[in-house]
Amino acid sequence: MNDSSSGAPTDQGTAPAVLAEDIEDLRATVEALAAQLEDTNRLAENLRDAPPPEPAEPSGEKAQREKKPKPVVPPLILRLDGEVFDQELAGLAVWVEHVLVACYLTEVSSSAPWCARWYEHPQAIARLHALWLAWQELTTPDSGGYTGPSVWHRDHLDPCMTHLRDPHGPFASCMTSDERPQHTVLPQPPVDPLPTFG
């Protein structure tokens, strides 16, 4: 007979039996979870102790691209010397004359000076060389893609020319008018040698 308010059996003998059965079910569940936890811990220890897996061998077109030797990246031009420096500077000079100046140099003024002898300013050589290297990479479809030229203009050309042609930049004492060519290499500020400690 059932209690009408709770739906629970009123027989006092069945309640302990149901409770004992529930306890056995809980005990079995706990034992199964403990066994699963031991298996997980053992697997974690094996993974921790195992050597890292070797990368999968690339296949197809990707494998061909990855097997090509990477090109040697040219160093900063100021780190070159002798004939190597002269050759790199000659290539840079051709690019400056036929690409940079021909296409991008705007009117020379006191707010945007220029130096026809830019190659006598070490800072200009370094910056223009870096600009040229970026141009070579970003205007080549294989490496620059469709957006390479835009990236070159935004991230390389504009900041470089803004700095070089700044009234306080390396050409500050050079030509400020096409009719009055002028060239002055600004002196380097002094640097005291590091004192010896001892």
Side-chain angles (χ1 to χ4, degrees), residues 55 58 61-198:
E61 189 177 314
K62 183 178 178 185
Q64 291 301 321
R65 279 196 313 271
E66 290 179 1
K67 287 182 182 178
K68 287 183 183 177
K70 291 186 178 183
V72 176
V73 178
L76 178 69
I77 194 170
L78 298 180
R79 299 181 98 188
L80 304 176
D81 55 14
E83 190 175 319
V84 177
F85 174 83
D86 294 342
Q87 289 173 349
E88 194 73 8
L89 185 60
L92 175 60
V94 169
W95 180 80
V96 167
E97 180 182 355
H98 296 287
V99 176
L100 185 68
V101 172
C103 298
Y104 297 104
L105 192 63
T106 57
E107 183 179 350
V108 176
S109 67
S110 60
S111 62
W114 175 251
C115 186
R117 291 165 42 188
W118 57 268
Y119 45 82
E120 293 183 10
H121 297 267
Q123 185 180 150
I125 292 171
R127 287 180 180 276
L128 290 172
H129 185 253
L131 183 63
W132 179 44
L133 293 176
W135 179 82
Q136 290 177 65
E137 181 176 337
L138 292 171
T139 59
T140 302
D142 288 345
S143 59
Y146 290 114
T147 60
S150 176
V151 170
W152 180 77
H153 283 92
R154 183 195 67 210
D155 293 351
H156 300 279
L157 175 69
D158 293 344
C160 180
M161 295 308 286
T162 298
H163 180 79
L164 286 177
R165 301 195 66 199
D166 185 272
H168 302 288
F171 301 147
S173 296
C174 293
M175 184 169 54
T176 57
S177 169
D178 291 337
E179 290 105 31
R180 293 188 312 273
Q182 182 177 336
H183 169 70
T184 305
V185 177
L186 298 173
Q188 291 294 114
V191 176
D192 290 337
L194 183 68
T196 57
F197 300 100

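Please read these numbers as outputs of a predicted model, since none were measured by experiment.
For the pair Trp95/Leu131, a side-chain contact is recorded, criterion being any heavy-atom separation below 4.5 Å from C-beta on. Between His121 and Cys174 there is a side-chain heavy-atom pair separated by less than 4.5 Å. Contact annotation: the side chain of Ile77 never approaches that of Leu133 to less than 4.5 Å [non-hydrogen atoms, C-beta and beyond]. Taking the side chain as every heavy atom from C-beta outward, Phe171 and Gln123 never approach each other to under 4.5 Å.
Under the rule for a side chain to side chain contact (heavy atoms under 4.5 Å, CB included), the partners of Ala93 that lie at least two apart in sequence or sit in another chain are Trp118. Considering only residues two or more places apart in sequence or on other chains, Thr162 meets the side chain to side chain contact (heavy atoms under 4.5 Å, CB included) condition with none of them. Judged as a side chain to side chain contact (heavy atoms under 4.5 Å, CB included), and not counting sequence neighbours, the contacts of Glu120 are Arg117, His183, Val185. For Arg154, the salt bridge (charged side-chain N to carboxylate O under 4.0 Å, His left out) test picks out no residue, with sequence neighbours left out.
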Sequence neighbours excluded and cut-off under 3.5 Å, please list the side-chain donor-acceptor pairs for residues 100-107, or say none.
| unit_1 | atom_1 | unit_2 | atom_2 | d |
| --- | --- | --- | --- | --- |
| Tyr104 | OH | His153 | NE2 | 2.8 |
| Thr106 | OG1 | Arg165 | NH1 | 3.1 |

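The two residues Ala126 and Leu76 come nearest to each other via the heavy atoms CB-CD1, 4.4 Å. Considering every non-hydrogen atom in both Leu92 and Leu128, the closest pair reads CD1-O, 3.5 Å. Annotation for Pro113 and Ser111: closest pair CD-C, 3.7 Å, computed over non-hydrogen atoms. Considering all non-hydrogen atoms of both residues, Leu164 and Ala124 come closest at CD2-CA, 3.8 Å. Among all heavy-atom pairs drawn from Ala172 and Pro167, the shortest one is CB-O, 3.0 Å.
Here side chain to side chain donor-acceptor pair (under 3.5 Å) pairs that include residues 140-149, with residues two or more places apart or in two chains, number zero.
Summarising the geometry, atom OG1 belonging to Thr139 is positioned 8.0 Å from atom CH2 belonging to Trp152; distances are rounded to the nearest 0.5 Å. Here the CG atom belonging to Asp155 is positioned 8.5 Å from the OG atom belonging to Ser150, to the nearest 0.5 angstrom.
Just one of His156, Met161, His163 meets the side chain to side chain contact (heavy atoms under 4.5 Å, CB included) condition when paired with Arg127; it is His163.
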